[in-house]
Amino acid sequence: MTAPAPAPLRIGNASGFYGDRFDALREMLTGGPLDVLTGDYLAELTMLILGRSRLKDPEKGYATTFLRQLEEGLGLAHERGVRIVANAGGLNPAGLADAVRKLAAKVGVPVTVAHVEGDSLPVPDGFLTANAYLGGSGITACLRAGADVVVTGRVTDAALVTGPAAAHFGWGPDDLDALAGAVVAGHVLECGTQATGGNLAFFGAHDPARLRRPGFPLAEIHADGSSVITKHDGTGGVVDLATVTAQLLYETGGARYAGPDVTARLDTVRLTADGPDRVRIDGVRGEAPPPTLKTGLTRLGGWRNEVVFVLTGLDIEAKADLVKAQFADALERGGARPPAEVRWELARTDHPDADTEERASALLRLVVRDHDAEAVGRAVSGAAVELALGSYPGFHVTAPPGKGAPYGVFEARTVPAGDVEHTAVLPDGSRVVVEPPSLTQELAEVEDPPLPDPYPSTATRRVPLGLIAGARSGDKGGDANVGVWVRGDDAWRWLAHELTVERFKELLPETADLTVVRHVLPNLRALNFTVHGLLGEGVAAQARFDPQAKAVGEWLRSRWLPVPVPLLEGVPLPEVTA
């Protein structure tokens, strides 16, 4: 007789970033059945924050919030038989593992703790941290050795799912399709409530009460790597094709999504509705991973300062010109050299004949950056303050100018996987070196698939793109990613031919002089754009108004262009613009 298929592994997520909802860990443990609960606490900016924390206290360098969550969570997880896997170890996974053991003894919960290390690399001169992105194999080894809690340093976000899934189903490094399916599920889970209605382009299609407090997501992983994305019954939010598609496009690029365990082919992903708040993911194909690991390095890049001038009422442009000229003159007369970078941005938030002062006001933002703290400190704040009684009418600023603050820079590199000693430190203290995959494949771009037949020529109406297209955007170092998708085949026929790189640059002039790469994903009816260099030196550098490119997709959706009238049937239309 054929053995019955193993039961699905229910893996939940309780954190999408360091600072996410504190109660989520308890909510996930008490809200319904789970086998494994994960938490993603690390981002590019977080590594810099933890690096500065470790400078102050060498015993730290991990996400202390995780420990506070475990004060109650350890007992709940033990009672329910749920294992916990989190990358909260940051720069000091061994230190966090010891702290979890002490906490367990304090609260009287008999749990076994293991950790994964080896991601920490020699730090080059001038840098603060250097870490390789490890895969899930170390987590797998810890769980197979009986660990109840596994903490890691820098692993890929998806490793928090691939590691437990491989341990549960007995997958090996050659089970590429299964691993790829788990990577895709892990990518959907990693940002928490972004998979359950958070930050959703089409949020207006749902009852606002449902989106007030979205529940965190979970995945039912099957032995073949397929999965169903869902959430605990009775929790807020929504899981549907749009929420899962949006998260699949978030911070990805082309058809090959490379990781340390496997390269997942995003162009093979199939999504199907599987009932209320359930979306099935299957069909994912996997390829051998690349021979190198991504590494992230952070450093302090210099110093920055910011002043926001409030311009109210009439003559906004003239007021802005006046204060910019006065500021430059004040700097020169003060004898200070100008900062290396001086950026002004006028946000016209003002409205004519406004009924409140705030609605009558625009914001003029000054950002200065330099390697020398003095160049952005007292000289800048002094030059801004001395204008208070001698500048434009109604002069005031949103906050008193400060002395400046350091900013960071994230830099991505690669290192041969064999040069990194990926190590699982098991509950009994023994150390197991995890060998890198023996089969690897150099990463190469996939040729774009054939486009669908163009949508028939017909009458058009000029409307915002977002009436028919969703989008989600984010950051990868200095690059931005903008995923755009539609919900029907006819709309896909139009979008695939309409939203070219040239049209994208036309709609977003800020990208006109940058390199933009378009990737076509027909299964998702989606286009994914990578905008190289939009974010300068990355989120920690705070070089841009939206430093993580979170709203670039919404900016794109707000732009007007001619859309075929039949595609707008049943869509509420705004007034026509000139």
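If you're wondering where the values come from, they're calculated on a predicted model, not measured in any experiment.
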Q: With the threshold set at 4.0 Å, does a side-chain nitrogen-carboxylate oxygen contact exist between E220 and R278?
A: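 Result for this pair is yes, salt bridge flagged.
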Q: Report the distance from atom CG of D240 to atom CZ of R487, rounding to the nearest 0.5 Å.
A: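 D240 atom CG to R487 atom CZ measures 9.0 Å (nearest 0.5 Å).
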Q: With a 4.5 Å limit on heavy-atom distance, are the side chains of H519 and V446 in contact?
A: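 Not in contact.
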Q: Heavy atoms, side chains only, cut-off 4.5 Å: are V238 and D277 in contact?
A: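 Of all side-chain heavy-atom pairs linking D277 with V238, at least one is under 4.5 Å.
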Q: Show your working on side chain to side chain contact (heavy atoms under 4.5 Å, CB included) between V279 and T272 and close with a plain yes or no.
A: CA-CA 6 Å; V279 172; T272 52; over 6 Å; no
Q: Mark yes or no: R557 above the aromatic ring of F202, with NZ or CZ under 6.0 Å from the six-membered ring centre and no more than 45 degrees from the axis.
A: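 Yes, cation above the ring, under 6.0 Å and within 45°.
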Q: Does one side chain, of T252 or N528, offer a donor that lies under 3.5 Å from an acceptor on the other?
A: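 Indeed, the side chains of T252 and N528 share at least one donor-acceptor pair under 3.5 Å.
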Q: Under 4.0 Å between a Lys/Arg side-chain N and an Asp/Glu carboxylate O for R280 and D274?
A: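 Between D274 and R280 there is a salt bridge, with a charged N closer than 4.0 Å to a carboxylate O.
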Q: Check whether any side-chain heavy atom of L527 lies under 4.5 Å from a side-chain heavy atom of L495, and answer yes or no.
A: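 Side chain of L527 against side chain of L495, heavy atoms only: contact under 4.5 Å found.
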Q: Is the number of heavy atoms from other residues, nucleotides or ligands within 6.0 Å of NZ (K60) greater than 12?
A: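 No.
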Q: I need the minimum non-hydrogen distance between V183 and A158, along with the two atoms involved.
A: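 So the two residues come closest at O-CB, 3.7 Å.
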Q: Around atom CG of D233, are there more than 12 heavy atoms from other residues, nucleotides or ligands closer than 6.0 Å?
A: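 At most 12 heavy atoms, drawn from other residues, nucleotides or ligands, come within 6.0 Å of this atom.
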Q: Should the heavy atoms of other residues, nucleotides or ligands under 6.0 Å from CZ of F203 be counted, would the total exceed 12?
A: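 No, not enclosed.
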Q: Has the side chain of T140 got a donor or acceptor atom that lies under 3.5 Å from a matching backbone atom of G163?
A: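 Such a contact is found between T140 side chain and G163 backbone.
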Q: In Å and rounded to the nearest 0.5 Å, what is the CG to CD distance from N199 to Q247?
A: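 Here the rounded value is 9.0 Å.
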Q: CE of M47 to OG1 of T129: how many Å apart, nearest 0.5 Å?
A: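 Reported value, rounded in 0.5 Å steps: 5.5 Å.
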Q: How many angstroms lie between atom CD of E59 and atom CG of L96, to the nearest 0.5 angstrom?
A: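 That separation rounds to 12.5 Å.
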Q: Can you check salt bridge (charged side-chain N to carboxylate O under 4.0 Å, His left out) on D157 and R154, steps first, answer last?
A: CA-CA 9 Å; D157 302 333; R154 179 73 275 184; 3.2 Å; yes
Q: Indicate yes or no: at least one non-hydrogen side-chain atom of I11 is less than 4.5 angstrom from one of P164.
A: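 With C-beta onward as the side chain, the pair touches.
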Q: Shortest non-hydrogen contact from L426 to C142?
A: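 That would be CD2-CA, 3.9 Å.
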Q: With side chain to side chain contact (heavy atoms under 4.5 Å, CB included) as the criterion, how do Y257 and R265 come out once you've worked through the C-alpha distance, each side chain's angles and the decisive distance to 0.1 Å?
A: CA-CA 6 Å; Y257 185 56; R265 289 292 296 261; over 6 Å; no
Q: Which of these, E287, R285, Q441, sits in a side chain to side chain contact (heavy atoms under 4.5 Å, CB included) with T263?
A: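 The passing option is E287.
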Q: Would you say P547 and L535 make side-chain contact, with heavy atoms under 4.5 Å?
A: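 P547 vs L535: side chains apart.
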Q: Hey, are D40 and S15 close enough side-chain-wise for a donor-acceptor pair under 3.5 Å?
A: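 No, D40 and S15 have no side-chain donor paired with an acceptor closer than 3.5 Å.
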Q: Looking at L160, L143, T38, which one forms a side chain to side chain contact (heavy atoms under 4.5 Å, CB included) with V150?
A: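 Exactly one pass, corresponding to L143.
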Q: Evaluate the salt bridge (charged side-chain N to carboxylate O under 4.0 Å, His left out) criterion for residues E117 and R431: first the C-alpha distance (whole Å), next the side-chain angles of each, then the deciding distance (0.1 Å), finally the verdict.
A: CA-CA 10 Å; E117 60 184 39; R431 303 173 64 85; 2.4 Å; yes
Q: If you compare all heavy atoms of L91 against all heavy atoms of P93, which two are closest, and at what distance to 0.1 Å?
A: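 Minimum heavy-atom separation between L91 and P93: C-CD, 3.6 Å.
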Q: Working to the nearest 0.5 Å, report the span between OH of Y455 and CZ of R493.
A: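 Atom-to-atom, Y455:OH and R493:CZ are 7.5 Å apart.
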Q: Less than 4.5 Å apart, side chain to side chain, heavy atoms only: is that true for T193 and R21?
A: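 Answer yes - side chains close enough.
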Q: Is a salt bridge present between R83 and D35, judged by a nitrogen-to-oxygen distance below 4.0 Å?
A: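 No.
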Q: Evaluate the side chain to side chain contact (heavy atoms under 4.5 Å, CB included) criterion for residues L573 and V463: first the C-alpha distance (whole Å), next the side-chain angles of each, then the deciding distance (0.1 Å), finally the verdict.
A: CA-CA 7 Å; L573 300 178; V463 297; 4.2 Å; yes
Q: How are the rings of F529 and F504 set relative to one another: parallel (under 30°), tilted (30 to 60°) or perpendicular (over 60°)?
A: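 Aromatic pair F529/F504 classed parallel.
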Q: Applying side chain to side chain contact (heavy atoms under 4.5 Å, CB included) to Y62 and L67, what does each step give before you reach the verdict?
A: CA-CA 10 Å; Y62 54 77; L67 272 180; 3.9 Å; yes
Q: Is it true that E71 and R26 make a salt bridge, defined as a side-chain N closer than 4.0 Å to a carboxylate O?
A: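 A salt bridge is absent here (no side-chain N lies under 4.0 Å from a carboxylate O).
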Q: Where do A159 and G136 come nearest, in terms of heavy atoms and distance?
A: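 Looking at all heavy atoms of both residues, the shortest contact is CB-N, 3.6 Å.
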Q: Is the closest side-chain heavy-atom distance between D148 and I84 below 4.5 Å?
A: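 When only atoms from C-beta onward are counted, I84 and D148 do not touch, as no gap falls below 4.5 Å.
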Q: Is it true that a side-chain atom of R80 and a backbone atom of L29 form a donor plus acceptor pair closer than 3.5 Å?
A: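 Checking the backbone N and O of L29 against the side chain of R80, a donor-acceptor pair under 3.5 Å is found.
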Q: Tell me the closest heavy-atom pair linking V111 and L74, and the distance in Å.
A: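 Looks like CG2-CD2, 4.0 Å.
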Q: Between R210 and D207, is there a side-chain N and carboxylate O pair less than 4.0 Å apart?
A: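 The answer is no: the pair does not qualify as a salt bridge.
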Q: So, taking the atom named CZ in R10 and the one named CG in L37, what distance separates them when rounded to the nearest 0.5 Å?
A: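 R10 CZ to L37 CG: 12.0 Å, rounded to 0.5 Å.
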Q: Just by distance, no angles: are the side chains of N481 and E251 close enough, under 3.5 Å, to form a donor-acceptor pair?
A: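 No, because no side-chain N or O of N481 sits under 3.5 Å from a partner of the opposite role on E251.
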Q: Would you say CZ of R144 has more than 12 non-hydrogen atoms from neighbouring residues, nucleotides or ligands within 6.0 angstrom?
A: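 For R144, atom CZ is crowded (more than 12 foreign heavy atoms under 6.0 Å).
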Q: Are any of the side-chain nitrogens in E554 or R472 under 4.0 Å away from the carboxylate oxygens of its partner?
A: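 Between R472 and E554 there is no salt bridge, as every charged N stays at least 4.0 Å from the carboxylate O atoms.
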Q: Ignoring hydrogens and geometry, is there a side-chain-to-backbone donor-acceptor pair from H187 to Y250 under 3.5 Å?
A: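 Present.
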Q: Below 6.0 angstrom between ring centroids: does that apply to F66 and Y41?
A: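 Close enough - the centres of the two rings lie under 6.0 Å apart.
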Q: Specify the closest pair of heavy atoms between A132 and L293, including all atoms of both residues, with the distance to one decimal.
A: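 Minimum heavy-atom separation between A132 and L293: CB-CD1, 4.2 Å.
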Q: Hey, does F216 have a side-chain heavy atom less than 4.5 Å from the side chain of N13?
A: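 Yes, side chains in contact.
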Q: Do the side chains of K476 and D479 get close enough for a salt bridge, i.e. N-O under 4.0 angstrom?
A: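 Salt bridge: no.
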Q: Determine whether the side chains of D267 and N523 contain a donor N or O and an acceptor N or O closer than 3.5 Å.
A: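 No.
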